[in-house]
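Encoded as structure tokens, the structure appears first; notes follow it.
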Number of protein chains: 2
Amino acid sequence: MDQNTDDVRRKRPPERDLDAMDRKLLGVLVEDATTSYAELGERVGLSPPAAHERVKRLRRSGAIRRVSALIDPEAVGKTLLAFVHVDTTGWGKTQALLAIEECPEVEEIHSVAGDTCMLLKVRTESTHALEGLLARLYDTPGVKATRSYVVLSTYLERPVQPGTTGDWPAVVKG
Amino acid sequence: MDQNTDDVRRKRPPERDLDAMDRKLLGVLVEDATTSYAELGERVGLSPPAAHERVKRLRRSGAIRRVSALIDPEAVGKTLLAFVHVDTTGWGKTQALLAIEECPEVEEIHSVAGDTCMLLKVRTESTHALEGLLARLYDTPGVKATRSYVVLSTYLERPVQPGTTGDWPAVVKG
DNA sequence: ATTTTTGCAGAATGAAGTTCAGCAACAAGA
DNA sequence: TCTTGTTGCTGAACTTCATTCTGCAAAAAT
């Protein structure tokens, strides 16, 4: 048999939990995904083919979503970053979502708990362009109100890291 | 001569504005940075070495900040995502910043204009861990108040794209 | 204890990345 | 206008890396 006999696999089959070595590999690849398997293996204490095998598994399992070139927003003219809180009516929410997804300047859409409904991360080339986006938002049925937070400067911006952050002190068990 | 005779180079020397071909290359590399130069060239209409040359320039100029493996937060146990607004006193701000940067669960720190001072993007393994982080924040001198928006679900999450979004209609010139 | 599976090392193959030499288009200057 | 220098490209060469395969050893299951 080559595959699982029972093909009841979830969307992202964990296939096994990540061990310490997987995390080390991820750590290196997050920093620089162009690292050769030779160096990769050397860094974590594995032979090149072994490293290759594990990375392949990490890709298959979905732990590595994609390998991407991270580009400088300034270099492509996206000088303005803003977070936009959106309040939607009853549940024109789904409708609004579909419309917002079409906007190329929207990088992230989250549904949040708190005094607002949705949270957008948005990049534009200018304040004018942001105004344009907001205008489009207000024209979207289901959108009740928005509140924008324009970023003055970014102090930290790091990708998702592997490695556990640990639990807070005193966890009380039932 | 091999290098520039005048070594007066800025941090990120634009070295020339990006043309349409550069943007196309970036577009491909953002989607999949493992694309071979052969295919890369084919996609944009260039020979492999030419594509290589341009990509090398994009890296040197800083337009490509890094090539990174994007990892699934769920896969490494970071199941909770939250945005935290932080209000700081007078200007204990700098002090607070330094402390916050040390927290590994903080992915982004922005200084924003609006009814709050700083905006944090935070990933933790649990609500407990978030509570722990907030506790640490409150213990930080200079931190006056925080407001958290816990993400219920993420609908869109895309990396920085090249390509211009255009200007909003009617730009009134002086 | 035996069988099966899993993961790794080492060597071989194939396919990239990378460099080089030569050429064409363009810009600056005489 | 002709010259000179620069820039960016192609095609071929060379080198390095990715990838596959065989065999082995340790762990898991029976």
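Note on naming: letters A, B, ... go to the chains in the order of the sequence lines (proteins, then strands), and numbering restarts at 1 for each one. Remember, predicted model here, so these are calculated numbers, not experimental data.
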At under 4.0 Å, does any side-chain N or O of A/Arg57 touch on OP1 or OP2 of C/dT6? no

Apart from A/Tyr138 itself, what residues make up its hydrophobic cluster, given side-chain heavy atom links below 4.5 Å? none

Does B/Val84 offer a backbone N or O that forms a donor-acceptor pair with the side chain of B/Ser148 under 3.5 Å? no

Would you find a donor on one side and an acceptor on the other, under 3.5 Å apart, between the side chain of A/Thr79 and the backbone of A/Glu125? yes

Between A/Lys56 and C/dG7, does any side-chain N or O lie under 4.0 Å from OP1 or OP2? no

Report, one pair per line, the protein and nucleotides 23-26 of chain D atoms (nitrogen or oxygen only) whose separation is under 3.5 Å.
none

Please report, rounded to the nearest Å, how far the C1' atom of C/dT18 is from the CZ atom of B/Arg54. 18 Å

Nucleotides 21-24 of chain C: which of its N/O atoms have a protein N/O under 3.5 Å away?
none

Once you round it to whole Å, what is the distance between C1' of C/dG17 and CZ of B/Arg59? 10 Å

With a 4.5 Å heavy-atom cut-off, do B/Leu97 and B/Met118 have their side chains touching? yes

Whether B/Glu105 side chain and B/Leu130 backbone form a donor-acceptor pair below 3.5 Å: no

Give a yes or no on whether a salt bridge exists between B/Arg136 and B/Glu102, defined as a side-chain N under 4.0 angstrom from a carboxylate O. no

Short question: side chain of B/Arg147, backbone of B/Phe83 - any donor-acceptor pair under 3.5 Å? no

Does B/Glu39 have any salt bridge (charged side-chain N to carboxylate O under 4.0 Å, His left out) partners at least two apart in sequence or in another chain, and if so, which? B/Arg43

For B/Thr154, enumerate each residue passing the side chain to side chain contact (heavy atoms under 4.5 Å, CB included) test, keeping only those at least two apart in sequence or located in another chain. A/His110, B/Leu81, B/Val151, B/Glu157

Is it the case that one hydrophobic cluster holds both A/Leu156 and B/Leu134, taking links as side-chain heavy atoms less than 4.5 Å apart, direct or via other members? yes

Given atom CD of B/Glu42 and atom C1' of D/dC9, what is their separation to the nearest angstrom? 17 Å

Hydrophobic cluster partners of B/Leu70 (side-chain heavy atoms under 4.5 Å): A/Leu70

Any salt bridge (charged side-chain N to carboxylate O under 4.0 Å, His left out) pairs touching residues 21-31 of chain B, not counting sequence neighbours? A/Arg66-B/Glu31, B/Asp22-B/Arg54, B/Asp22-B/Arg57

Exercise: identify the closest heavy-atom pair between B/Thr165 and A/Pro104: CG2-CG, 4.3 Å

Enumerate the residues from residues 45-53 of chain B whose closest heavy atom to DNA chain D is under 4.0 Å, giving them by residue number; use none for an empty result. B/Leu46, B/Ser47, B/Pro49, B/Ala50

Looking at A/Asp32, A/Val28, A/Leu46, which one forms a side chain to side chain contact (heavy atoms under 4.5 Å, CB included) with A/Leu40? A/Val28

Determine whether A/Leu137 and A/Leu120 make a side-chain contact, defined as any pair of heavy atoms from C-beta on separated by less than 4.5 Å. yes

Starting at the 5' end of DNA chain C, write a dot or bracket for each base, bracketing those in Watson-Crick or G-U wobble pairs whose two distances are under 3.5 Å and using | for partners on another strand. ||||||||||||||||..||||||||||||

Is any side-chain heavy atom of B/Leu58 less than 4.5 Å from a side-chain heavy atom of B/Leu18? yes

Considering only residues two or more places apart or on different chains, which pairs with a residue in residues 17-60 of chain B satisfy ring pair (Phe, Tyr, Trp, His ring centres under 6.0 Å)? B/Tyr37-B/His52

Pick out the pairs of N or O atoms, protein on one side and nucleotides 14-16 of chain C on the other, that lie under 3.5 Å.
none

To check you understand the geometry: which heavy-atom pair defines the closest contact between A/Thr140 and A/Ala99, and what is its length? CG2-CB, 3.7 Å

Residues of residues 20-31 of chain A with a heavy atom under 4.0 Å from any atom of DNA chain D, listed by number, are none

